[in-house]
Structure formats: structure tokens, C-alpha cells
Asker: 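Once you've had a glance at the structure underneath, I'll fire off some questions.
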Number of protein chains: 2
Amino acid sequence: MLPNDVKNIFRNYIREKGLRNTRQREEILDAFFSAEKHITVEKLFASIKAKNPGIGYATVHRNLTLLCECGLADEMKIGRQKTRYEPKFGQKHHDHLICLKCGRFIEVNDNKIEKLQDKLAELNDFIPVRHKLEIYGICKDCK
Amino acid sequence: MLPNDVKNIFRNYIREKGLRNTRQREEILDAFFSAEKHITVEKLFASIKAKNPGIGYATVHRNLTLLCECGLADEMKIGRQKTRYEPKFGQKHHDHLICLKCGRFIEVNDNKIEKLQDKLAELNDFIPVRHKLEIYGICKDCK
DNA sequence: TTATTATTGATAACAAATATCAATATCAAG
DNA sequence: CTTGATATTGATATTTGTTATCAATAATAA
Ligand SMILES: [Mn+2]
Ligand SMILES: [Mn+2]
Ligand SMILES: [Zn+2]
Ligand SMILES: [Zn+2]
């Protein structure tokens, strides 16, 4: 079961925008926060469809977009792959090590790197807003 | 005019693979190394077509792929944007600051960051192969 | 010069993301 | 609890960027 805070963020966002809550929305929210991180629409759709064959792909897609809008999800594009989504709630920023063999995502954070990035931006008279650091290589299980 | 080394790398690669050199290939090579960095197929195609209306989009695309294969170009995907290509010849690795307003790419390199990345990978029992660091924000001309 | 076959350019096919739309469900108001 | 306005859904069409196809042409080696 997922924290009530998460549900409330979503429900409040929906109400505030004059939208409506639906069975599908609750299902998608639940499934998304229970599923593997960095999931594609396709996979999330499949997992929901297993229990609710009536669900539509477009509905899942649309609601993932909504989840991004209200800050409960982040969209990520890795190379030519399909867009992935990762649930976001009360966790700080992180970067990824991505295994070239098995595709595993390892979440990492290095405060020194983050600080140096800010320095680097400043040095170039550049105001950093967000960043993406991906290290591709071979994970311990694959070597 | 571009260094003869570049032309030779391309020509040698072509010969070694049993391929053939063509007027279009020379044109594309020239145009690519004269054009703005981080260019899309579409833009490169347009710039070539201005002088040679007969050129085909697919030909430009195919040859950019060839250039990547022989190490004279790097492909880069930024979010949902079209694939970009950047010429590569005798220059070391760099990362990018990307302006959210004007789209400008600023090339940067920070050796400390690179070292820390390797450390971070090692700490996770991960063999780094390549990485991508993009810092999005506002460039000095846009703020 | 000739034969072989890689290349080209036009266009078709493909895949992912998004838009469309009629049927349906939500929910505020009475 | 109805009812009416309208947001949502699910099926499918459209769009977009990329890649494949193929007949005509051009590049190379013999
Ligand atoms: Mn993550
Ligand atoms: Mn660059
Ligand atoms: Zn792995
Ligand atoms: Zn700018």
C-alpha cells in the first residue's frame, strides 16, 4: 500500500485543476508506485491490464503525464529507448549508473559532483536549473 | 576547408569496408564539418540541399551514421528532440551546458568531476564505459 | 570498356507518442 | 437521489522522427 500523502497529492492536484477522480486514476497511481522503478508506459499498461483488461493504453499514458505535472513522477529518456517514468515522493535527486548488458539502473548520488557542477555552471555564467548524469557501463552482476 | 586527416579517415574507412566513395559523401563530410555543431539531420540536409538540390534526406542520414561508425561523429539525443550529430576529430571528451531558452550548447569539461564519476562507479562495483552529463539552465545571453 | 554491385533519392514502412471522438462516468447543484 | 454539464475513457487515427525498400544510377576493379 502506498502512503496516503501520495494519494492526497494526486487527488488534490486533480481537484484543484477542476478534473475528476476516477477508478482508473486510482488504479494507475497504485500500480505505478508498486511497479518497478523506471518503467515504460507499455509495461505499466500491461501490468494494469492483467487485473483490469478494460484499461486503455492512452489512459495510462495520459495519467502518467498528470503524475509528472503534479510532481509525483519524473519522465526520463534514455537514448533511443521508450520514455520511462519513475515515481517521485519525498526522495532527493539522484543520478543513474546504467548497465549496458542487463539495463539495470543503479541510483547514486555524490554531493561533491553536484557541488562541482554548480561551480562549473557559475564559471560559465550559466544558471543551472536541473541536470542529468548517466554513467553507462557494466554492473557487478554482468561482469 | 577541413583537415585532410578527416577526409582520409573517412576515405580509408570506406575503402576498408569495401564501400565506394561518392560525390555526395564528400559533400556531406564537408558540410558536416563546416556546419554548426550539434546539428540535426534535417538542418544538415537543408544546408546541403541549398547548393545541391538533388541530394536526398536518406543519403544525409545514412552517411551521418557512417561518420559515427568511423569515429568522426557522435550521435546525441537530448530529451524528445531530434537526434543531433557532432563532429569529432582530435578533441577530447566534453559535457554540455544546455540553455533552456535559446537551446545553445556550451561545451565544458571538469577533470575533477570525471574522476569522481569513476570513483562513484567503482564504489558501486560498476565498470564505467561512457557517460553523459548535461546541465540545463539559462545561459548568460538569456538571463 | 565492361561487369559487378554499392549508392542514391524517392517513398514506404515502422514505432513511439499524442490527438480525436463517441460513449460513458463523475460530481456539483437542485 | 436525480439530473445535467462536462471530464474521462478506450479504441483508433494521426503525427513525427527514423529506418527500410527498391529501381535507377554511378563507382570501381578487371
Ligand atoms: Mn532513478
Ligand atoms: Mn559538444
Ligand atoms: Zn547488468
Ligand atoms: Zn540561452
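Chain letters run A, B, ... following the sequence lines, proteins first and then strands; every chain starts at 1.
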Asker: How long is the line joining CE of A:Met76 and P of C:dA17, in whole Å?
Answerer: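 In whole Å, C:dA17 P lies 14 Å from A:Met76 CE.
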
Asker: Taking side chain to side chain donor-acceptor pair (under 3.5 Å) as the test, write out the residues that go with B:Glu134, two or more places apart.
Answerer: B:Tyr136

Asker: Taking CZ from B:Arg25 and C1' from D:dA26, how many angstroms apart are they, rounded to a whole number?
Answerer: 12 Å

Asker: Take A:Ile55 and B:Ile14, find for each the nucleotide of DNA chain D with the closest heavy atom, and name the residue whose nucleotide sits nearer the 5' end.
Answerer: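 Result of the comparison: A:Ile55.
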
Asker: Could you work out how much the helix from C:dT1-D:dA30 to C:dG30-D:dC1 bends, comparing the axis of its first five pairs with that of its last five, to 10°?
Answerer: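 Its terminal axes enclose an angle near 30°.
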
Asker: Expressed as a whole number of angstroms, how long is the span from B:Arg11:CZ to D:dT28:C1'?
Answerer: 16 Å

Asker: Does A:Lys115 NZ have over 12 foreign heavy atoms under 6.0 Å away?
Answerer: no

Asker: If you compare every side-chain N and O of A:Gln24 against the phosphate oxygens of D:dG10 (OP1, OP2), does one of them come in below 4.0 Å?
Answerer: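 Yes.
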
Asker: Could you pull out the closest heavy-atom pair between B:Ala35 and B:Ile39, with the gap in Å?
Answerer: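 Residues B:Ala35 and B:Ile39, closest heavy atoms: CB-CD1, 3.6 Å.
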
Asker: Flag the pair A:Glu36 / A:Lys43 as yes when at least one side-chain heavy-atom distance between them is below 4.5 Å, and no otherwise.
Answerer: yes

Asker: Minimum heavy-atom separation for A:Ala73 to A:Phe32, with atom names?
Answerer: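 So the minimum-distance heavy-atom pair works out to CB-CE2, 3.6 Å.
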
Asker: Connecting only ILVMFWY residues whose side-chain heavy atoms lie within less than 4.5 Å of each other, what is the rest of B:Leu123's hydrophobic cluster?
Answerer: none

Asker: Can you check the A:Arg23 CZ to C:dT26 C1' distance for me, whole Å?
Answerer: 12 Å

Asker: Might you list the N or O atoms of the protein lying below 3.5 Å from N or O atoms in nucleotides 27-29 of chain C, with each pair's distance?
Answerer:
{"from": "C:dC27", "atom 1": "OP1", "to": "A:Asn21", "atom 2": "N", "distance (Å)": "2.8"}
{"from": "C:dC27", "atom 1": "OP1", "to": "A:Asn21", "atom 2": "O", "distance (Å)": "3.4"}

Asker: Once you round it to whole Å, what is the distance between C1' of C:dT5 and NZ of B:Lys17?
Answerer: 16 Å

Asker: Return a single string for nucleotides 16-25 of chain D, one symbol per nucleotide in 5' to 3' order, where B is base contact, S is sugar-phosphate-only contact and - is none, cutoff 4.0 angstrom on heavy atoms.
Answerer: -SSBBB----

Asker: In whole angstrom, give the distance that lies between atom CZ of B:Phe45 and atom C1' of C:dA10.
Answerer: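 Taking atom C1' of C:dA10 as the reference, CZ of B:Phe45 is at 11 Å.
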
Asker: Grab the CG-P distance between B:Leu64 and C:dT8 for me, whole Å please.
Answerer: 12 Å

Asker: Considering residues at least two apart in sequence or located in another chain, which fulfil the side chain to side chain donor-acceptor pair (under 3.5 Å) criterion with A:Arg130?
Answerer: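 For A:Arg130, no residue satisfies side chain to side chain donor-acceptor pair (under 3.5 Å) once neighbours in sequence are set aside.
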
Asker: Base, sugar-phosphate alone, or nothing: which one does A:Asn52 contact when heavy atoms must sit under 4.0 Å apart?
Answerer: nothing

Asker: Rounding to a whole Å, what distance do you find between A:Asn63:CG and C:dT26:P?
Answerer: 13 Å

